[in-house]
Amino acid sequence: MTTTPPDTGTTAPGTSVTSSELLSVVASRELAARRAVFAGIGLPTLATELARLTVAPEIEVVYESGVCGAHPSHLPETIADAVLISGAEAVLSMPALFGYVLQGGHIDVGFLGAAQIDRWGNLNTSVIGDWERPEVRLPGSGGAVEVMAGSREVFVVMRRHNPRSFTEFLDFCTTPGPDRALAEGIRPRGAGVTRVITELGVLAREGVGDQLRLVATHPGVTVDQVRAATGWELAVTDRVATVPPPTAAELRLLREDVDPGRVYLR
Amino acid sequence: MTTTPPDTGTTAPGTSVTSSELLSVVASRELAARRAVFAGIGLPTLATELARLTVAPEIEVVYESGVCGAHPSHLPETIADAVLISGAEAVLSMPALFGYVLQGGHIDVGFLGAAQIDRWGNLNTSVIGDWERPEVRLPGSGGAVEVMAGSREVFVVMRRHNPRSFTEFLDFCTTPGPDRALAEGIRPRGAGVTRVITELGVLAREGVGDQLRLVATHPGVTVDQVRAATGWELAVTDRVATVPPPTAAELRLLREDVDPGRVYLR
Amino acid sequence: MERTDTAAGAGVVMSMREAVASFVHDGATVSLEGFTHLVPTAAGHEIIRQGRRDLTVVRMTADIVVDQMIAAGCVSRLVSSFVGNSSAGSLGELRRRIERADPAPLAFEEYSHYGMVCRYLAGAQRLPFYPLRSYGGSDLPGVNSDLRTVTSPYPGPDGEPERIYVVPPVNPDVTIVHAQRADRRGNTQLWGLTGVQAEAVYAADKAIVVVEEVVADAVVRSDPNRTLIPAHAVDAVVVCPRGAHPSFAQGYYDRDNAFYRAWSHISKDPERLREWLREWVYGTEDHAAYVDKLGEEFWAGLAVGEALSEPVDYGRRL
Amino acid sequence: MERTDTAAGAGVVMSMREAVASFVHDGATVSLEGFTHLVPTAAGHEIIRQGRRDLTVVRMTADIVVDQMIAAGCVSRLVSSFVGNSSAGSLGELRRRIERADPAPLAFEEYSHYGMVCRYLAGAQRLPFYPLRSYGGSDLPGVNSDLRTVTSPYPGPDGEPERIYVVPPVNPDVTIVHAQRADRRGNTQLWGLTGVQAEAVYAADKAIVVVEEVVADAVVRSDPNRTLIPAHAVDAVVVCPRGAHPSFAQGYYDRDNAFYRAWSHISKDPERLREWLREWVYGTEDHAAYVDKLGEEFWAGLAVGEALSEPVDYGRRL
């Protein structure tokens, strides 16, 4: 494969765009008009904070640690960072966070990551290899099973787009989308994964019964490149768009207001 | 019936003993070595506070409102009285109070009252007459069903001992003892009602499978008087004791320390 | 990183009149919670003023405000676990309705307190049912067909399958609670008895929070653990001082025990009850008028002294 | 009516050594909770020093302290929903055990976070199971036979019977949590992230609360809503300042992020890990010695500034 991801070579502000900047900007745009977002730390932090300054001024970020409406004095390093707690609007217990907020249906968009994803948006964060004696033991679900089950829709941001991560068959399905739940006769709440944002482009999925389709590529990336980087026979929308590159305004906000210390803007 | 309850004629302190004083003192003695007590307001307040000063110095009273370890500045008028909250050691939400404390098994003795009780210690607080169109609509369970189901044992204090209240057949069983639960195949936690303290004496019950038996009468009350006042064929222990009358020390504590304003010492 | 607040226009502060008109509709299921403490009385009175009909009222302790709403003809069904005037006596209108269908019947779903708590828990968690160790042997399941059992898929202590009662979720169209304070976006802080208010709000489709006062954002954010109801669960914030009378607001005013005792007498006589409603509810434009009518001398009698909590330190990064 | 306190002898304050010796036995099921915040590390270290064996450790986020306990040979079974070094990398010992049974196998029961929360909820409420809307379609039930389903006795939204997953209760022999403060009888107040600590304590047969400080009764009683764990649920109160390091105690000291990053490297090398245990756990008599060994300059780096909560008024009767 000879794919060259767009402009990832340098991190000098103002010149070219890093992978983190690109993914954050694209993810932030997808949050337009969304309100309650469940997010981890890292790229989702950048995306949600940029969205607050651009397309989603009323966004409320809910963290797995129980924090709602954080007003941190510094960029948080973990979802439990003390700076997320001091000055927050509410801090909830785990039973309230998972039971009332997530399962109760108060989250519009949940951000998840994964080691593996399949065409239905099912995710693996448990093991590479066999569960009983894995090649690599990964951290496991955390709250991912609940984020998928409870959020109206789920966004996945994956830095690396390759056939090992975008796989026909998961080594293990930790976090099932609604199609797998329905197949077992369990009623799901949300649509499952509706957006996957990668270094190559954007995949989208409507909801139950639909599979991920390539809807846009970054400038300079071809559909064939994405097909080659995907471990299943990739569905492609009729008119694949080109993702508009980050604007100067977006980059300035991201670099100067959201993460001036470049903690996550690697 | 010609029963004369003992010495209920006058409330003058230091001379004779009122019905409230008698019932409070007898109930307080039954709390010896008990620790966590679930109590309402009124006679249970007097009994638990007197017990704290006599036989159960480490008693902790838990109120249905969620208060644990109250240190009230004034005698409380309801289980939710503001004076129970200010200065308390803990105030719990309803899910915690009922779920973790009561159903979780942290209560040694629960106090309950009732309009009707039967020989197995089942209680009615819902209706006199038919449930659909009752002669008298009573308040209902409140938390009584849970106090019975969750406490290790239950004490009932009833001012009036007569065949309408001590009945062969309840008009409605709001709050079942463990025998009725078992008959339905539901596993109960506690022993159910183990003590009934009335103006005539004390009935006791060991637990599952046992029925209430008369174990003691107040001075001057005969076994036949109690039989006549009870709506079922009353079981009587081999040697019915005479309840020792309140001591001067007990009465002094009750009148001078527990309820000097005679709020409940009617 | 300190963010700009959302525009003031995104706030949800509104008058009681507007909140009730917007969220309490004829035929709705309305939860009013507050366990003796912080009873949302003023909201009940506004529902009466607006003449709502055919409501299903869900309330653990159906007390004075429920008796008043029933008497005003707002309520056709009651879901409750305690129907009495606290420890002060009876609810006259409720008893007439249930005992004699006078002047009209009232459908009544009877639970125990924890049964109601579990219905709210199931509602807040969007569960199909909630299990509890109550009701075995009770006559309540015989008159309430929503009390059912399931068999646990795990063996019981004796190795045999174990049956347990369950209750269904309650998801009110609107829940109304009273609290001491909130910020203008609805982050709500209450203390003292907190009852089942958070669960009742999360269980509902819409939620109205009535508060003694709206405070500056900084006050709420100085103690985020005190926020039991986050803004994301709140649709309307109504500022209504003394709106819990005759119940109390810890730290703000005490309970009007005399009125509780009086209600047993007032409500015993249907004409006296209706006269009371005419004078104190229909005859007052809003709760502020009700408060004024009671008079400052009256309120001085319910005043409480100060007992401040010791602050805790949330810390800040140096 | 102000009562005399119970005799001081009724208190449950004891040393960490005594608490672990009294309540943590070989073969026991031990819950250690604290979600990134207030991790009971010092208790884990004392369990290592006392050489406990064959423990079942229950912890939502199995992190550094669990990796250390596994490496020290204390743990034969782990029940968890996240086995990683926070966001800082891997747990070397845990991975060797699971991936290669090196130097010994580790039994692992895998859940999701809410699955664990629900196990504690069921445990605290002494329920036979707890329902949750997770796991439909997951491979987890295939490797964890305790994830089962029940059918609701109420019809689902489509009128058909509805199936839902359930988890069984967990009732640890002992739960250990860390908190900011308690009174001498165990009324425990914590703030900031409060996680699942109250539920884990109520679920347990015995509970040890480790605190930064024991405070005067009057401090706790000035704010009873802050008491998340009442004394009746606590068996031992252990005073152990900085006992949550390398995690943090909101308002007391910050998280040692450098140590989290370092642990991924330390734990990757079995010999280096064992050397670390020799120096920092076996080589320190107790947590006070560990704190001293780190030195005042180190602790100054984790110091936080003050950010006090605004007090609330509980009121007093005049």
Original post:
For C:Tyr120, which residues count as a ring pair (Phe, Tyr, Trp, His ring centres under 6.0 Å) partner, sequence neighbours excluded?
Top reply: none

**OP:** Identify the two heavy atoms, one from C:Phe35 and one from B:Ser65, that lie closest to each other, and give their separation to 0.1 Å.
**Re:** CE2-CA, 3.7 Å

**OP:** Examine whether an atom of C:Glu162 lies under 4.5 Å from a heavy atom of chain B, and if so say whether it belongs to the side chain, the backbone or both; otherwise answer neither.
**Re:** side chain

Subject >> Donor-acceptor pair between B:Glu77 and C:Tyr260 side chains, under 3.5 angstrom >> reply: no

Original post:
Judged by atom type as modelled, is there a donor-acceptor pair below 3.5 Å linking the side chain of B:Glu184 to the main-chain atoms of C:Gly136?
Top reply: no

Subject >> Shortest non-hydrogen separation from C:Gln250 to B:Ser86 and the atoms involved >> reply: NE2-OG, 3.2 Å

Subject >> Interface residues of residues 116-123 of chain B facing chain C - non-hydrogen atoms under 4.5 Å apart >> reply: none

Original post:
In terms of heavy-atom pairs under 4.5 Å, which option from B:Gly140, B:Pro95, B:Ala149 contacts chain C the most?
Top reply: B:Pro95

Subject >> Short side-chain donor-acceptor distance under 3.5 Å, C:Ser134 and B:Gln103 >> reply: no

Original post:
Among residues 164-183 of chain B, which ones touch chain C with a heavy-atom distance under 4.5 Å?
Top reply: B:Phe172, B:Cys173, B:Thr174, B:Pro176, B:Arg180, B:Ala181

**OP:** With sequence neighbours excluded, tell me which residues meet side chain to side chain contact (heavy atoms under 4.5 Å, CB included) with B:Thr194.
**Re:** B:Glu153, B:Phe155, B:Ala191

**OP:** Report the relative orientation of the aromatic rings in B:Phe98 and C:Tyr114; use parallel for angles under 30°, tilted for 30 to 60°, perpendicular for over 60°.
**Re:** parallel

